[in-house]
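What follows is a single structure, written as structure tokens, with notes after it.
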2 protein chains.
Amino acid sequence: MVGSSKQLAFRYLTYLNMLSRLDRQGVSVISSHNLASICNVGASQLRKDMMLIPGASGKQSVGYSVKVLLSSIQQMLHRDQNDRVVLVGVGSFGAALIKYRGFEAHGFEIVAAFDLQPSVIENSDIPVYSMESLESFLQEHKIKFAILAVPESAAKNVADQLIRFGVTRLLNLTPALLTVPDSVKVSDVNLVYEMEFLRRQL
Amino acid sequence: MVGSSKQLAFRYLTYLNMLSRLDRQGVSVISSHNLASICNVGASQLRKDMMLIPGASGKQSVGYSVKVLLSSIQQMLHRDQNDRVVLVGVGSFGAALIKYRGFEAHGFEIVAAFDLQPSVIENSDIPVYSMESLESFLQEHKIKFAILAVPESAAKNVADQLIRFGVTRLLNLTPALLTVPDSVKVSDVNLVYEMEFLRRQL
DNA sequence: TATTGTGAAATCGTTCACAGCA
DNA sequence: TGCTGTGAACGATTTCACAATA
């Protein structure tokens with residue numbers, strides 16, 4: 001990947017979202033200044049970002065073609081991929097994620113959930129299995145992505161299991177700090193930290 | 001606030017968590033190297049971070065006092081504060097947040113939730129009011145913090161309302177990109193972006 | 001000797017300013 | 001003239017290396 005910082009990656013995702021909206025609205029050309037202001041970034045930063053993308057370029061005195069930008073960013077981000085994801089921990093958070101349909105449009109399919117107690121989530125066809133079947137399921141389906149939504153106290157153990165069974169991408173929704181091998185990538189989402197950060201802004 | 005970058009702020013919160021755990025375990029002194037490895041950061045970075053905290057200092061050839069560090073970080077972060085928070089949008093996500101007890105220990109009290117339809121969440125004494133009562137509630141209780149968990153399509157409008165009614169800190173759980181006055185601080189949490197970011201790590 | 005505190009160096013990311021082009 | 005592409009300046013952050021010291 002061309003740029004590997006999280007901020008840059010998130011900017012590309014924002015560009016992508018805004019560009020596809022513009023495309024749907026029939027906008028075919030846009031200047032760096034306009035697109036930047038829609039995306040809440042500076043115009044020169046946007047141009048620098050675009051320069052890193054193979055195939056993305058604009059026309060001087062005209063602007064960027066929305067469709068060209070869209071497809072070159074999509075290509076760079078491998079937006080064609082489709083990944084199967086398991087969810088571990090079906091508390092209120094986990095159950096909310098099962099009902100959340102936002103992942104599918106981005107090529108992430110939650111194929112199963114796991115909890116101490118198998119159960120059934122209403123309005124959902126995603127099965128909830130017991131933890132005993134975790135190993136066989138992960139290995140049989142060669143799952144690489146997992147969302148960790150267990151209680152904090154269980155987080156480390158469950159994460160270790162997941163990794164042992166072949167998971168290499170972990171979205172960690174628990175406050176626990178995970179230590180993982182270099183081959184495994186973790187994204188931590190900690191709502192309490194976000195709130196604390198808001199608290200001391202200015 | 002001494003350091004205002006998000007990364008730095010999150011490191012301080014991590015230090016705080018780990019230090020309070022160490023304190024509970026009866027550890028009284030720890031070296032930068034040890035604490036750093038617990039917190040997944042470099043030792044010299046940790047020392048630099050500590051240097052920015054008024055009152056925090058260690059002893060050469062000995063290490064840092066856990067209690068001293070703990071209280072100076074707490075003081076710097078104003079950890080004594082207590083803030084009332086409203087939640088807007090009681091879909092599956094919002095309902096999960098209402099049941100989530102993690103905020104309280106950090107001085108955030110969810111005092112009310114709002115949705116198009118007032119309702120009752122089981123196992124919770126947090127009331128869910130209709131959107132009509134938003135304005136009077138926010139102004140009467142002088143609420144500064146809100147968690148935005150409405151559908152994306154409603155996000156901008158609701159955010160504008162919240163700001164108009166006095167909210168200045170917004171945890172945005174929707175994928176919408178909000179544009180707000182400088183006096184208002186927004187933290188965006190976008191689980192889809194986090195997943196996409198994991199996808200292209202190496 | 002073990003460890004902090006810290007200046008200097010290296011790295012990384014952003015913004016500026018403007019040349020060059022349609 | 002309006003816009004992109006980009007080198008250079010700037011700023012922020014991280015790492016290094018080591019002097020100081022309990």
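Just so we're clear, the structure is a prediction, and the values are computed from it rather than from any experiment.
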Output the rounded distance in Å from [atom1] ([X]) to [atom2] ([N]).
X: A:K6; N: C:dG13; atom1: NZ; atom2: C1'; value: 17 Å
X: A:L52; N: C:dG13; atom1: CG; atom2: C1'; value: 11 Å
X: B:N34; N: C:dT3; atom1: CG; atom2: P; value: 7 Å
X: B:D49; N: C:dT4; atom1: CG; atom2: C1'; value: 14 Å
X: B:L46; N: D:dT15; atom1: CG; atom2: P; value: 12 Å
X: B:L35; N: C:dG5; atom1: CG; atom2: P; value: 13 Å
X: B:N40; N: D:dT15; atom1: CG; atom2: P; value: 13 Å
X: A:F10; N: C:dT14; atom1: CZ; atom2: P; value: 14 Å

Is there side-chain contact between [X] and [Y], with at least one heavy-atom pair below 4.5 Å?
X: A:S119; Y: A:Q117; answer: no
X: B:M131; Y: B:V88; answer: yes
X: B:L97; Y: B:L173; answer: yes
X: B:S71; Y: B:K67; answer: no
X: A:I38; Y: A:R21; answer: no
X: A:I126; Y: A:I121; answer: no

Heavy atoms of other groups near B:H106 NE2, more than 12 under 6.0 Å: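 Yes, NE2 of B:H106 has more than 12 neighbouring heavy atoms, counting only those of other groups under 6.0 Å.
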Closest nucleotide of DNA chain C for A:G42 versus for B:S44: which of these residues is on the 5' side? B:S44
So the salt bridge (Lys or Arg N to Asp or Glu O under 4.0 Å) pairs with at least one residue in residues 74-84 of chain A (sequence neighbours excluded) are A:R79-B:E196, A:D83-B:R199
Heavy atoms from C-beta onward define the side chain here; which of D:dT14, C:dT14, C:dT6 lies closest to that of B:R11?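 The answer is D:dT14, which lies nearest to the side chain.
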When you measure from the side-chain N and O atoms of B:Q45 to the phosphate of D:dC16, is any distance below 4.0 Å, counting only OP1 and OP2?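 Checking D:dC16 against B:Q45, no side-chain N or O comes under 4.0 Å of OP1 or OP2.
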Going by distance alone, is a donor N or O of one side chain under 3.5 Å from an acceptor N or O of the other, for A:Q7 and A:S5? no
Quiz item: A:K48 side-chain donor-acceptor pair to D:dT6 base, under 3.5 Å: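 Not at all, since no donor on one side and acceptor on the other fall under 3.5 Å apart.
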Review item, side-chain donor-acceptor pairs of residues 186-194 of chain A, under 3.5 Å, at least two apart:
{"residue": "A:S187", "atom": "OG", "partner": "B:E194", "partner atom": "OE1", "Å": "3.0"}
{"residue": "A:D188", "atom": "OD1", "partner": "A:N172", "partner atom": "ND2", "Å": "2.7"}
{"residue": "A:N190", "atom": "OD1", "partner": "A:V192", "partner atom": "N", "Å": "3.1"}
{"residue": "A:N190", "atom": "OD1", "partner": "A:Y193", "partner atom": "N", "Å": "3.1"}
{"residue": "A:Y193", "atom": "OH", "partner": "B:L13", "partner atom": "O", "Å": "3.4"}
{"residue": "A:Y193", "atom": "OH", "partner": "B:N17", "partner atom": "ND2", "Å": "2.5"}
{"residue": "A:E194", "atom": "OE1", "partner": "B:K6", "partner atom": "NZ", "Å": "2.8"}
{"residue": "A:E194", "atom": "OE1", "partner": "B:S187", "partner atom": "OG", "Å": "3.0"}

Considering only distance and modelled atom types, tabulate donor-acceptor pairs under 3.5 Å from the side chains of residues 141-157 of chain B, sequence neighbours left out.
{"residue": "B:H141", "atom": "ND1", "partner": "B:F137", "partner atom": "O", "Å": "3.1"}
{"residue": "B:K156", "atom": "NZ", "partner": "B:L177", "partner atom": "O", "Å": "3.3"}

Mutual orientation of the aromatic rings belonging to B:Y129 and B:F114 [parallel < 30°, tilted 30-60°, perpendicular > 60°]: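 Ring orientation of B:Y129 relative to B:F114: tilted.
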Terminal helix-axis angle for the helix from C:dT1-D:dA22 to C:dA22-D:dT1, with five pairs defining each axis and rounding to 10 degrees: 0°
Do any N or O atoms of the protein come closer than 3.5 Å to N or O atoms of nucleotides 1-4 of chain D, and which pairs are they?
{"residue": "D:dC3", "atom": "O4'", "partner": "A:S61", "partner atom": "N", "Å": "3.3"}
{"residue": "D:dT4", "atom": "OP1", "partner": "A:S32", "partner atom": "N", "Å": "2.6"}
{"residue": "D:dT4", "atom": "OP2", "partner": "A:S32", "partner atom": "OG", "Å": "2.5"}
{"residue": "D:dT4", "atom": "O2", "partner": "A:Q60", "partner atom": "NE2", "Å": "3.1"}

Please produce a list of atom pairs where a protein N or O lies less than 3.5 Å from an N or O of nucleotides 9-12 of chain C.
none

